[in-house]
Amino acid sequence: MSRNPEPLAIGRIIGEVVDNFSPSVKITVTYDSNKQVTNGRELMPAVIAARPRVDIGGEDMRTAYTLIMTDPDAPSPSDPYLREHLHWMVTDIPGTTDASFGREVVGYETPKPTVGIHRYVFILFKQRGRQTVRTPSSRDYFNTRTFSAENGLGLPVAAVYFNAQRETAARRR
């Protein structure tokens, strides 16, 4: 991930999903063992069907992180009245490991954009301690800022997003 949050501002992640922050931890999100998520990259729905590998940087395994994957464009970018839709949440991820070492509190839901180009955002927060994050009550109308405030998470330490849209037969060829 770039240390520069500018692509997040251009993609309106900063502003619509999170407040401005300074990235301090490296996060690498990889689908299909070789499709790395970079800010603004388009990934096909077939590629994002299975849960990605998410590697977390940091300096210490004793530090715990929460990973959130959200769609701020649900159900459509022109009318995102379900903003945000929570696709995945893993808490208590030890630093220097990957998301599989954490506690999956909201299972991975495959993105299925039906209308328009959707942004899917991975946001990483540093926790105050282990088992300090409560599970949200719903996937729809999720609000990253509110969730962060309610769980004392503060600003994100990393974020990256990709774009996806409905795959038509013509695009598959």
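Heavy atoms only: backbone and side chains are in, while hydrogens, waters and symmetry mates are out.
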Heavy-atom side-chain proximity of [X] to [Y] below 4.5 angstrom:
X: P52; Y: K35; result: no
X: P45; Y: R166; result: no
X: P136; Y: L86; result: yes
X: Y108; Y: I48; result: yes
X: T96; Y: F101; result: no

Who pairs with [X] by side-chain hydrogen bond (donor to acceptor under 3.5 Å, both in side chains), at least two apart in sequence or on another chain?
X: T110; value: none
X: T70; value: E84
X: R145; value: D19

Please determine which of H118, R12, R119 meets the side chain to side chain donor-acceptor pair (under 3.5 Å) test together with D73.
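So the option named by the test is R119.
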Any chance you could measure [X], atom [atom1], to [Y], atom [atom2], to the nearest 0.5 Å?
X: T114; Y: Q165; atom1: OG1; atom2: CD; answer: 11.5 Å
X: F21; Y: I13; atom1: CZ; atom2: CD1; answer: 10.0 Å
X: I27; Y: I56; atom1: CD1; atom2: CD1; answer: 4.5 Å
X: I68; Y: I123; atom1: CD1; atom2: CD1; answer: 5.5 Å

For Q131 and D92, does a side-chain donor sit closer than 3.5 Å to a side-chain acceptor?
no
Any chance the side chains of D98 and S100 put a donor and an acceptor closer than 3.5 Å?
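The answer is yes; a qualifying pair exists.
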In terms of relative ring orientation, are H85 and H87 parallel, tilted or perpendicular, with 30° and 60° separating the classes?
perpendicular
Of all the heavy-atom pairs spanning P80 and S78, show the shortest one and how long it is.
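Result for this residue pair: CD-C, 3.7 Å.
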Which pair of heavy atoms, one from E167 and one from A46, lies closest together, and at what distance?
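So the two residues come closest at OE1-N, 3.4 Å.
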Donor-acceptor pairs are to be reported for all side-chain atoms of residues 151-163 against protein atoms at under 3.5 Å, with residues two or more places apart or in another chain.
unit_1: N151; atom_1: OD1; unit_2: R134; atom_2: N; d: 2.8
unit_1: N151; atom_1: ND2; unit_2: F147; atom_2: O; d: 3.0
unit_1: N163; atom_1: ND2; unit_2: G40; atom_2: O; d: 3.1

Sequence neighbours left out, what passes salt bridge (charged side-chain N to carboxylate O under 4.0 Å, His left out) with D55? Give chain and number order.
R53
Kindly give the cluster partners of Y81, where membership spreads through any ILVMFWY side chain lying under 4.5 Å from a current member.
L82, Y141
Other residues, nucleotides, ligands: >12 heavy atoms within 6.0 Å of R62 CZ
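No, not enclosed.
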